[in-house]
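Below: one structure, written as structure tokens.
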There are 2 protein chains.
Amino acid sequence: MQRRKELPDLSRAELDLMRILWRAGRLSAREVHGQLDEAYGWAYSTTRTVLERLVAKGYLARKPFHGVNLYEPLISRPQGLARIVLDFADRVLEADRGGLVALFARDSSMSPAEVKELEELLKERKP
Amino acid sequence: MQRRKELPDLSRAELDLMRILWRAGRLSAREVHGQLDEAYGWAYSTTRTVLERLVAKGYLARKPFHGVNLYEPLISRPQGLARIVLDFADRVLEADRGGLVALFARDSSMSPAEVKELEELLKERKP
DNA sequence: CTTGGCGTGCTACATTTGTAGCATACTAGT
DNA sequence: ACTAGTATGCTACAAATGTAGCACGCCAAG
């Protein structure tokens with residue numbers, strides 16, 4: 001996974017797709033679309049557009065594979081969520097990040113390694 | 001504080017100003033602007049525009065007072081943050097809201113009453 | 001009085017985001 | 001070989017957001 005100095009923020013829709021890809025690892029646009037909760041009601045082309053924007057933003061890699069494009073994360077989940085967690089801690093919870101990290105360790109589906117990575121990322125960045 | 005069925009989401013900049021007003025209670029545009037961290041580097045008119053958008057969205061009330069407009073929250077902090085907390089719990093932390101609420105009770109600057117209110121709001125809404 | 005500030009109500013404009021559709025190319029079944 | 005069904009690369013477009021500027025009115029200092 002690469003490290004970028006200035007990774008653009010993820011919009012709401014973009015985060016939704018990243019979550020699917022962080023979970024699945026590598027999928028075609030059609031597969032990603034299939035995993036979207038029906039509740040979204042997106043047109044297939046909408047899914048594709050957001051996917052492409054994620055590629056443009058550097059979050060995903062698009063690899064042609066036997067005629068179809070497969071998308072896969074270039075940015076790890078901790079890296080992708082770091083900014084969001086930081087923002088939440090500073091501007092919503094308004095508390096030290098420690099407690100939040102502990103919560104990730106205890107309640108979330110993040111592996112210990114991911115939590116560790118997230119913790120490091122939050123530590124080095126002060127914004 | 002009113003209860004709205006469909007309160008528009010707060011954008012990043014809007015949340016920043018709401019935080020100032022939830023803290024101070026009632027301020028003029030100039031005062032709000034003054035409390036903005038220099039780091040923002042906003043023009044005064046930008047602050048005013050965002051303030052007006054908050055009025056339009058129903059988050060703030062604007063009351064003319066001896067020639068100046070004073071802005072004050074119409075929506076309580078728990079109400080304003082509920083949607084954000086919910087989103088964070090479901091889509092970032094991916095865990096039950098309980099732990100997060102406990103964190104607010106323990107680490108944040110929210111009063112017990114506010115935490116209680118937040119908890120209620122998170123409970124009734126499932127999205 | 002005259003003028004410099006500050007406040008107010010509008011208007012402006014580039015990006016980002018949400019949400020799609022179209023035309024063309026390729027693939028497997030008939 | 002033809003055709004129906006996909007996949008792909010573009011293009012589109014409105015609403016939301018970030019970020020300001022302008023013109024006009026009012027008040028206090030000179």
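Residue numbers begin at 1 in each chain, while the letters A, B, ... track the order of the sequences.
- Distance CG (A:N69) to P (D:dT8): 4 Å, rounded to an integer number of Å.
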Check: When you check every protein heavy atom under 4.0 Å of nucleotides 24-29 of chain D, what one-letter string (B, S, -) results, 5' to 3'?
Finding: ------
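- Residue A:L54 contributes atom CG, which lies 14 Å from atom P of C:dT16 at whole-angstrom precision.
- Looking at A:W22, its side chain never comes within 3.5 Å of a backbone N or O of A:P78 through a donor-acceptor pair.
- Between A:E52 atom CD and C:dT16 atom P the separation is 17 Å, expressed in whole Å.
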Next item on the list: Indicate for each nucleotide in nucleotides 22-30 of chain C, in 5' to 3' sequence, whether protein heavy atoms under 4.0 Å reach the base (B), only the sugar-phosphate (S), or nothing (-).
Entry: ---------
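- Rounding to whole angstrom units, OH of residue A:Y44 and P of C:dA20 are separated by 14 Å.
- Distance CG (A:L7) to P (C:dT16): 14 Å, rounded to an integer number of Å.
- We find that NE2 of B:H33 is positioned 13 Å from P of D:dT19, with the value rounded to whole Å.
- Shown here for B:L27 and B:L21, the closest heavy-atom pair between the two residues is N-CD2, 3.8 Å.
- For the pair B:L70 CG and C:dG7 P, the interatomic distance rounds to 12 Å; values are reported in whole Å.
- Counting only heavy atoms from C-beta on, A:W42 has its side chain closest to C:dT19 among C:dT19, D:dT8, C:dG7.
- Looking at A:L60, A:T49, A:L74, A:L15 one by one, the single match for side chain to side chain contact (heavy atoms under 4.5 Å, CB included) with A:L54 turns out to be A:L60.
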Between N or O atoms, less than 3.5 Å apart, protein on one side and nucleotides 12-17 of chain D on the other: list the pairs.
{"unit_1": "D:dT17", "atom_1": "OP2", "unit_2": "B:K57", "atom_2": "NZ", "d": "2.9"}

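- Applying the ring pair (Phe, Tyr, Trp, His ring centres under 6.0 Å) test to pairs two or more places apart or on separate chains, those with a residue in residues 54-90 of chain A are A:F88-B:F88.
- Residues passing the salt bridge (charged side-chain N to carboxylate O under 4.0 Å, His left out) test with A:E94 are B:R19, B:R77, sequence neighbours excluded.
- Residues B:E72 and B:K63 are paired through a salt bridge, judged by an N-O separation under 4.0 Å between the basic side chain and the carboxylate.
- Identified under the ring pair (Phe, Tyr, Trp, His ring centres under 6.0 Å) test for residues 94-118 of chain B, with sequence neighbours left out: none.
- Distance, B:L51 CG to D:dA20 C1': 15 Å, rounded to whole Å.
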